[in-house]
Novice: 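To start, I am sharing the structure in question, which I have written as structure tokens.
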Amino acid sequence: MRGDAPRVAALLAACEAADRTGDRRGARELLDDWAAPGIDLPAGSVSAWAGPEPVAFAVTRAREHADPVHEMVLDLAVHPAHRTPDVLARLLAECRRTAARRHRERFGDGTPLELHTRTHGHQRRLAEALDAAGHRRARGYRGMRLDLAAHAPAAAPVLPPGSVLVPFEDRHDAALLTARNAIFAGHPGSVPMTRATWRHAVTGNPYFRPGCSFLLLSADGRQVLCYLLTTEYPTTEAGAAGGGRELYLANAGTSPDLHGRGLYRAVITHTLARAKRLGYRWAVLDVDDTNTMAVGGFYERLGARTFRTWTGHVLSVPTGPTRVAQPPNGAGAAGDGSPTR
């Protein structure tokens with residue numbers, strides 16, 4: 001199935017032309033995504049084909065822990081010409097069955113399962129299909145963009161005595177992962193990340209930019225008090241819209257007992273100044289609408305403005321064994337745009 005990456009990339013390109021979500025993953029990016037822990041293409045993907053080309057593709061990503069709910073992630077795309085209610089309904093039903101089966105194999109029947117996916121503000125038809133399939137709209141997200149050419153960084157707040165701000169280096173990686181897991185313990189939807197997932201998704205990601213990612217360390221250098229990690233992708237929505245390189249502010253966290261002391265403000269201010277010196281035109285981040293800093297206007301005061309919106313959809317999935325119904329009259333064969341595995 002990895003050999004289908006160019007065809008799936010072409011499907012994503014057709015979707016992007018219609019939806020303008022900023023998803024410009026090519027075959028290389030897809031192969032990297034599919035290598036993530038928790039993804040099993042033969043067992044965990046669903047596709048529909050019209051002749052030799054896919055017209056719909058979905059992949060589930062199982063998580064390493066259930067705390068207490070297993071929140072499985074669903075990534076899907078449907079060609080604009082095939083977004084009929086019937087195709088969308090059958091695709092989502094097959095995704096639900098696939099998720100339940102994968103969940104049982106990993107966690108058994110006693111652990112609750114939720115299927116999580118997102119839609120862009122332009123993907124109204126898909127959002128409505130998710131509504132019809134019983135997915136609830138759980139939360140909103142905003143993509144924000146800051147023009148670094150017009151940004152005049154403010155003076156950074158005074159750091160705690162004895163602390164030091166340093167760029168990321170591999171020698172800090174283990175302490176950073178420990179800090180991340182401690183900072184987000186108990187956050188809704190957050191589970192501890194293993195080293196394999198952390199390296200694949202974050203500090204081992206080929207698009208990670210360590211020279212523009214910063215850690216605020218304790219005086220002895222052993223504890224991570226606050227951090228901000230960045231990535232840079234080859235083609236992006238902001239770059240396409242306004243020209244110039246874009247730095248994505250991808251991961252951030254502050255030790256809970258140090259909230260309200262200006263640590264994150266210091267780290268992000270330093271990061272934006274470094275990005276500007278390195279020739280980046282844009283800084284971009286996605287924020288949860290329930291995030292206290294987002295609600296309080298912190299990012300707007302820095303100069304960031306909303307340019308895209310997302311909705312998180314959640315489906316509670318029964319995990320008991322189910323029989324897969326066969327479509328009537330042989331429907332579902334390659335060529336009619338119906339889901340198959």
Novice: Treating T178 as the side-chain partner and A174 as the backbone partner, does any N or O pair qualify as donor plus acceptor under 3.5 Å?
Specialist: yes

Novice: Let me see the working for R305 and D147 under salt bridge (charged side-chain N to carboxylate O under 4.0 Å, His left out), right down to the final yes or no.
Specialist: CA-CA 9 Å; R305 298 294 179 263; D147 185 353; over 6 Å; no

Novice: If only atom types and distance count, is the side chain of H200 paired as donor or acceptor with the main-chain N or O of N205 below 3.5 Å?
Specialist: no

Novice: Determine, step by step, whether R180 and M193 satisfy the side-chain contact (heavy atoms from CB on, under 4.5 Å) criterion, reporting the C-alpha distance in whole Å, the side-chain angles of both residues, the deciding distance to 0.1 Å, and the verdict.
Specialist: CA-CA 8 Å; R180 182 269 167 202; M193 293 182 74; 3.5 Å; yes

Novice: Looking only at heavy atoms, which two atoms of G253 and I183 are closest? And how far apart?
Specialist: C-CD1, 3.8 Å

Novice: Does the side chain of V78 reach to within under 4.5 Å of the side chain of V55, using non-hydrogen atoms?
Specialist: no

Novice: If you measure from the Lys or Arg side-chain nitrogens to the Asp or Glu carboxylate oxygens, is any gap between R136 and D131 under 4.0 Å?
Specialist: no

Novice: Would you say T231's side chain and F208's backbone share a donor-acceptor pair under 3.5 angstrom?
Specialist: no

Novice: Y299 vs Y264 aromatic rings, parallel, tilted or perpendicular, using cut-offs 30° and 60°?
Specialist: perpendicular

Novice: Under a 4.5 Å cut-off applied to non-hydrogen side-chain atoms, are L217 and Y227 in contact?
Specialist: no

Novice: Say whether V267 and L229 are linked into one hydrophobic cluster, either directly or through other cluster members, by side-chain heavy-atom distances under 4.5 angstrom.
Specialist: no

Novice: For a 4.5 angstrom cut-off between non-hydrogen side-chain atoms, does R142 reach R308?
Specialist: no

Novice: We want to know whether D286 and Y248 form a side-chain donor-acceptor pair, criterion being a heavy-atom distance below 3.5 angstrom.
Specialist: yes

Novice: Is there side-chain contact between Y207 and E232, with at least one heavy-atom pair below 4.5 Å?
Specialist: no

Novice: Specify the closest pair of heavy atoms between A133 and L315, including all atoms of both residues, with the distance to one decimal.
Specialist: O-CD1, 4.0 Å

Novice: In terms of heavy-atom contacts, does CZ of R61 have more than 12 from other residues, nucleotides or ligands at under 6.0 Å?
Specialist: no

Novice: Is R118 positioned over the aromatic face of Y141, cation under 6.0 angstrom from the ring centre and no more than 45 degrees off axis?
Specialist: yes

Novice: If you look at every heavy atom in L30 and A5, which pair is closest and at what distance?
Specialist: CD1-O, 3.7 Å

Novice: Just by distance, with hydrogens left out, do T230 and S213 show a side-chain donor and acceptor under 3.5 Å apart?
Specialist: yes

Novice: For atom CZ of R222, is the number of surrounding heavy atoms from other residues, nucleotides or ligands below 6.0 Å larger than 12?
Specialist: no

Novice: Looking at every non-hydrogen atom in both residues, tell me the closest pair between G211 and R274 and how far apart they are.
Specialist: O-NH1, 3.2 Å

Novice: Check whether any side-chain heavy atom of I268 lies under 4.5 Å from a side-chain heavy atom of L302, and answer yes or no.
Specialist: yes

Novice: Can you hop from V317 to L92 via hydrophobic side chains spaced under 4.5 Å?
Specialist: yes

Novice: Just by distance, with hydrogens left out, do D19 and T21 show a side-chain donor and acceptor under 3.5 Å apart?
Specialist: no

Novice: Under 30°, 30 to 60°, or over 60°: which ring-plane class applies to F214 and H270, parallel, tilted or perpendicular?
Specialist: perpendicular

Novice: Looking only at the side chains, is there a donor atom on one of H135 and T117 sitting less than 3.5 Å from an acceptor on the other?
Specialist: no

Novice: If you look at every heavy atom in A283 and L272, which pair is closest and at what distance?
Specialist: CB-CD2, 3.6 Å

Novice: Kindly say whether R104 contributes a backbone atom to a donor-acceptor pair with the side chain of T319 at under 3.5 angstrom?
Specialist: no

Novice: Can you check whether L41 reaches V59 side chain to side chain, under 4.5 Å on heavy atoms?
Specialist: yes

Novice: More than 12 heavy atoms of other residues, nucleotides or ligands under 6.0 Å from CZ of R137: is that the case?
Specialist: yes

Novice: Look at R97 together with E94 and state whether they make a salt bridge at an N to O cut-off of under 4.0 Å.
Specialist: yes

Novice: Any sub-3.5 Å donor-acceptor pair from D4's side-chain atoms to R7's backbone N or O?
Specialist: no

Novice: Can any side-chain N or O of K276 pair as donor or acceptor with the backbone N or O of R281 at less than 3.5 Å?
Specialist: no

Novice: Taking the side chain from H65 and the backbone from D67, do they hold a donor-acceptor pair closer than 3.5 Å?
Specialist: no

Novice: Hydrophobic clusters here meaning ILVMFWY residues chained together by side-chain heavy-atom distances under 4.5 Å, can you tell me if L177 and L216 are in one?
Specialist: no

Novice: Determine whether a donor-acceptor pair (N or O, by modelled atom type, separation under 3.5 Å) exists between the side chain of H259 and the backbone of T254.
Specialist: yes

Novice: Taking the six-membered ring for Trp, are H120 and H122 parallel (under 30°), tilted (30 to 60°) or perpendicular (over 60°)?
Specialist: tilted

Novice: Within a strict 4.5 Å, meaning less than it, do heavy atoms of the R83 and L88 side chains meet?
Specialist: yes

Novice: Kindly check if the number of other-residue, nucleotide or ligand heavy atoms within 6.0 Å of CZ (R106) is above 12?
Specialist: yes

Novice: Do L215 and L176 make a side-chain contact, defined as non-hydrogen atoms from C-beta onward lying under 4.5 Å apart?
Specialist: yes

Novice: Where the side chain of T194 meets the backbone of T197, is there a donor-acceptor pair that is under 3.5 Å apart?
Specialist: yes

Novice: Give a yes or no on this: more than 12 heavy atoms of other residues, nucleotides or ligands lie within 6.0 Å of atom CZ of R277.
Specialist: yes

Novice: Taking atom types as modelled, is there a side-chain donor on D86 or T84 under 3.5 Å from an acceptor on the other?
Specialist: no

Novice: Within the side chain of D23, is there an N or O that forms a donor-acceptor pair under 3.5 Å with the backbone of R25?
Specialist: yes

Novice: Does a salt bridge link R63 with E71, judged by any charged N lying under 4.0 Å from a carboxylate O?
Specialist: yes

Novice: Hey, quick one: are M144 and L247 part of the same hydrophobic cluster, counting side-chain heavy atoms closer than 4.5 Å, chains of contacts allowed?
Specialist: yes

Novice: Any chain of hydrophobic side-chain contacts (each under 4.5 Å) joining V73 to F184?
Specialist: no

Novice: Could you go through the side-chain contact (heavy atoms from CB on, under 4.5 Å) check for S163 and L225 one step at a time?
Specialist: CA-CA 9 Å; S163 65; L225 309 178; 4.3 Å; yes

Novice: Considering only NZ, NE, NH1 and NH2 on the basic side and carboxylate oxygens on the acidic side, decide whether D288 and R139 come within less than 4.0 Å.
Specialist: yes

Novice: Could you pull out the closest heavy-atom pair between A58 and C95, with the gap in Å?
Specialist: CB-SG, 3.5 Å

Novice: Check whether the ring centres of Y233 and W282 lie less than 6.0 Å apart, and answer yes or no.
Specialist: no

Novice: With no hydrogens and no angle check, do the side chains of H103 and E105 hold a donor and an acceptor under 3.5 Å apart?
Specialist: no

Novice: Check the side chains of N181 and W198 for a donor-acceptor pair under 3.5 angstrom, ignoring hydrogens and angles.
Specialist: no

